[in-house]
Amino acid sequence: MAEYNHLEIEKKWQKIWTENKVFESKESSSKEKYYCLEMLPYPSGNLHMGHVRNYSIGDVCARFHRMKGENVLYPIGWDAFGLPAENAAIKNNVHPVKWTKQNISRMKEQLKSLGISYDWSREIATCDPEYYKWTQWLFIKMWEKGLVFRKSANVNWCPSCQTVLANEQVSNGVCWRCESHTEHRELEQWFIKITAYADELLEGHKQLTGWPEQVLSMQKNWIGKSCGAEICFTISGTDKKLKIFTTRPDTIFGVTFTVVAPEHEIISKMKPKILNYDKVAEYILASSRKSNIERSASKEKTGIRLEGINAINPATGKEIPIFTADYVLTGYGTGAIMAVPAHDQRDWEFAKKYNIPIVEVIKSNNSNITEHAYENEGELINSGQFNGIKSTEAFDTVIQWVQKQGFGKRTINFKLKDWLISRQRYWGTPIPFIHCDKCGIVAVPEKNLPVSLPEDVKFTGQGESPLKTSKTFVNVKCPKCGMDAKRETDTMDTFVDSSWYYARYCDAHNIDFAFDSSKLNYWMPVNQYIGGIEHACMHLIYARFWYKFMRDLGIAKHDEPFTNLLTQGMVTLGGSAMSKSKGNIVSPDEIIPKYGADTLRLFILFAAPVEKQLDWSSDGIEGCWRFINRIWRLFDVVSTKSVEVACQKNKDELLKLMHKTIKKVTCDVEKLQLNTAISSVMELVKGLYAYKYHSNDEGVSLEVYKTVILLMVPFTPHLCEEIWEKLGYKECVSTYTWPVFDENMIKESFIELPVQINGKLKGKVLVPADIQETEVKNIVTANNKIMVHLKGKQITKFIYIKNKIVTIVIKDLHI
RNA sequence: GCCGAGGUGGUGGAAUGGCAGACACGCGAGACUCAAAAUCUCGAGUCGCUUUGGCGGCGUGUGGGUUCAAGUCCCACCCUCGGCACCA
């Protein structure tokens, strides 16, 4: 056979797959459905190795399940809205539509050259009006259900550009365009009340048995449910109250100060009484320039006392100081805390720094509160009528007392915040609402959807939202009263678009509705979802929330959208994630011309377990190239029997190895442990080379060879198709049946048992499988190599782990 | 700072508490060749000893612990990465 020409072969089969619509899926099938999905890509303009890894994993999964006889849905699309397109428009004066479409067609070409088995007929882009029409429709439904609201929120503001900046457009407190210092500013924003589903998002984890534990744990902490109490502290000499949230009401007698966030309203309300207001204002300005991460990440907690005002501890009646400090965040709880330095390490450090008294209220046995806080449980002391109660019980007792006294109540608090979805930008789904002076905020009627993005927009990076510059867009008639009105000019966060795209694939080109529910309910939930670990919290919570909303709307029937989740590890270069914005991209185009897509796919899956971080290096790609060529050359060996060499492996051994390999690869691929699946096929190929031609072969080598090809289809589909054709098959191997193994062929009749003496390996014995312990003992103690070590010693223990290992513990006889 | 991962030969990695280093890369040796490439075969954690058959010590980020047995379980620590709500 001619040399392996990947350029020709890969093109040939990509064409055949497309022309014969091999991977297009239909709902009507007697087979069981299987929905395999990768997180949809952002069209940055170039595929990088992170993409290649993601889609190689997904393709193995899709192809494997197809060969297992399932009706597989495996679609792809584009998360096409977003900031980079608009940045490109500002920098290079290219329209976001043009920029995005170019990127999509470029990346689509790259994807096709990888030979991923997508159903391209279902391709979508979230920036297409046919798609975002339904994003808008769903958003209006949320509004109608009371899940959308407006309130003012903090944004990054560049005073020189007079514009809102994304976090990414601010580095070190400086604007990306003009390098002036940015500020925080309050603006009216659109929110989705995701907190209404907080409990269900947490409870839903019980159904997610196919998700990695680490993701559930991250989400749990993100949702951050905590039970506690809201307690009111009166400001001394006034009737004003300071409401705090605490998870430790049992420590209330130990509260020696309170801390409010710099944004807390109490500061402006009490301004006339605050003696050092100038200094406080300075502190507030400084913290407004920091991001939330900067605020909480600094080791040294900073703060400033609001001099002139005090709060009263409602339990002790004592006056205590009020501080403002930026480690207290305005978005969590009530934006104010009661500080118990004796029993909270952060409060303890703060108290030490500012010389605040530390009052111990929970007795600790071995802990000294002059050294650090005691955060564990114990018996209450210095706590009036509660002395002697265990702190765990006191939690409830104190809340009941507080509630009776009328200065507080039991509450549940979530870290999860409502979802701020509005952006003052052009390249996003327009928020389909109209502002009417008379009627207020009015939803755009369904018949007028989509609200399309206008073309007459200037991209300067300065001033208000770009949509405001379009005359045709802004001015409308109110759908209710017909008077002149203004369109909403904010667009949506792109996480909204990607919260329901998996549902659109089920019926991708429906023009009458977002999707036909019967089709959705046929395909959903997604059997296997695959994407980067960096999406563990935000996207994966938003999408779960959105699906539950669609269920409650009656258009979907399951509770959770993704049954099994695989979070692949990042592909890094020099230690940090590959991304266009960081400029550390390695493109598949650097590899494919030389080695082909099959080699690249095989290599990236073989290089590391899929869920682990992989620092890119092309060292080792030669090995995969060689392996593919070894398989290619085997064709001559098994089909012509032209090579005759000494046989190092007998027929039975080879067949046993084949069945073992089928079992191993099947199990591994099911669990997506792809690197070890590949290495076991490598061993089978090695076995086949060691066997080669045998005079009594009876077609054994051909049978094993076909198995190798079938096992490799998900990894190197082009190669396998070509060989399969040469073997005389008319049908694509992509739709052939996955091989099965025979358990009887795998059974071992003899087992080599390692023998350890005092924990050290001293020898091995060959014994029949499933042999009894007494027999093992006879064999082992009669073994020459072992006997040497037992001479003059006493056996204190003899441990036999069936079919696994023998351990002998000995000591000297005379001691 | 908080939450979640990870750390094993020169390199990527393998190993339901049971033989550490499978499978590869790179390296070395041999075969083939006029020669090279390709290919095929073999070798190797490391240090020491060796009568050249082997034998022994040390080895999974660091320090402790549990166990007949620890890369794996427990405790403390160090380093790297991901996320932290307007990058996607």
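Residue numbers begin at 1 in each chain, while the letters A, B, ... track the order of the sequences.
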Base, sugar-phosphate alone, or nothing: which one does [X] contact when heavy atoms must sit under 4.0 Å apart?
X	result
A/Leu83	sugar-phosphate
A/Asn675	sugar-phosphate
A/Val170	nothing
A/Gln189	base
A/Lys220	nothing
A/Tyr327	nothing
A/Ile808	nothing
A/His535	base
A/Met682	sugar-phosphate
A/Arg346	nothing
A/Phe606	base
A/Ser422	base
A/Gln169	nothing
A/Arg295	nothing

For [X] and [N], give me the distance from atom [atom1] to atom [atom2], rounded to whole Å.
X	N	atom1	atom2	value
A/Lys804	B/U72	NZ	C1'	14 Å
A/Leu614	B/G82	CG	P	14 Å
A/Arg53	B/G12	CZ	P	14 Å

Which base, if any, makes a Watson-Crick or G-U wobble pair with [N], both distances under 3.5 Å?
N	result
B/A70	none
B/A29	B/U41
B/U60	none
B/U51	none
B/A35	none
B/G6	B/C79

**Distance-only donor-acceptor check, side chains A/Asp418 and A/Thr195, under 3.5 Å** = yes
Taking atom [atom1] in both [N] and [M], what distance in whole Å separates the two?
N	M	atom1	result
B/C3	B/G71	P	29 Å
B/U8	B/U60	C1'	4 Å
B/G43	B/G82	P	41 Å
B/A38	B/C27	P	10 Å
B/G45	B/G10	C1'	11 Å
B/C47	B/G59	C1'	10 Å

**Prompt:** Do the side chains of A/Met107 and A/His51 get nearer than 4.5 Å, heavy atoms only?
**Reply:** yes
**Request:** For the residue pair A/Lys353 and A/Phe350, establish whether any side-chain heavy-atom pair is separated by less than 4.5 Å.
**Result:**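 Contact flag for A/Lys353/A/Phe350 side chains = no.
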Thinking salt bridges, do [X] and [Y] make one under a 4.0 Å N-O criterion?
X	Y	result
A/Asp493	A/Arg423	yes
A/Arg295	A/Glu263	yes
A/Glu213	A/Lys220	no
A/Glu488	A/Arg150	yes

Contact under 4.0 Å: [X] side-chain N or O vs [N] OP1/OP2:
X	N	answer
A/Arg626	B/G26	yes
A/Asn221	B/C2	no
A/Lys760	B/C58	yes
A/Lys301	B/G1	no
A/Arg633	B/A38	no

Which nucleotide in the list [options] gets nearest to the side chain of [X]?
X	options	answer
A/Trp222	B/C87, B/G4, B/G83	B/G83
A/Phe495	B/A88, B/G1, B/C19	B/A88
A/Gln214	B/G4, B/C86, B/C68	B/G4
A/Lys612	B/C68, B/A88, B/G7	B/G7
A/Ser217	B/G82, B/G4, B/C19	B/G4
A/Pro609	B/G83, B/A14, B/A85	B/A14
A/Gln756	B/C25, B/A14, B/A20	B/A20
A/Leu761	B/C19, B/A85, B/C3	B/C19
A/Ala166	B/G82, B/G83, B/C87	B/C87
A/Met570	B/A85, B/G82, B/U16	B/G82

**Asked** Relative to the ring of A/Tyr4, is the ring of A/Trp625 parallel (under 30°), tilted (30 to 60°) or perpendicular (over 60°)?
**Response**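 The arrangement is tilted - the two ring planes meet at 30° to 60°.
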**Request:** Can you spot which of A/Asn783, A/Ile810, A/Val780 makes a side-chain contact (heavy atoms from CB on, under 4.5 Å) with A/Leu790?
**Result:**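 Per the side-chain contact (heavy atoms from CB on, under 4.5 Å) rule, the option paired with A/Leu790 is A/Ile810, out of A/Asn783, A/Ile810, A/Val780.
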**Request:** Check if the side chain of A/Lys686 and the base of B/C23 share a donor-acceptor pair of N or O atoms closer than 3.5 Å.
**Result:**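 No.
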**Asked** For the base of B/G13, is there a side-chain donor-acceptor partner from A/Ser679 under 3.5 Å away?
**Response**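 Per atom types, no contact qualifies.
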**Message:** Counting the benzene-type ring for Trp, do A/Trp99 and A/Phe81 have ring centres under 6.0 Å apart?
**Reply:** no
**Request:** With RNA chain B as reference, determine whether A/Ile805 or A/Ser680 sits nearer its 5' end, using the nearest nucleotide of each.
**Result:** A/Ile805
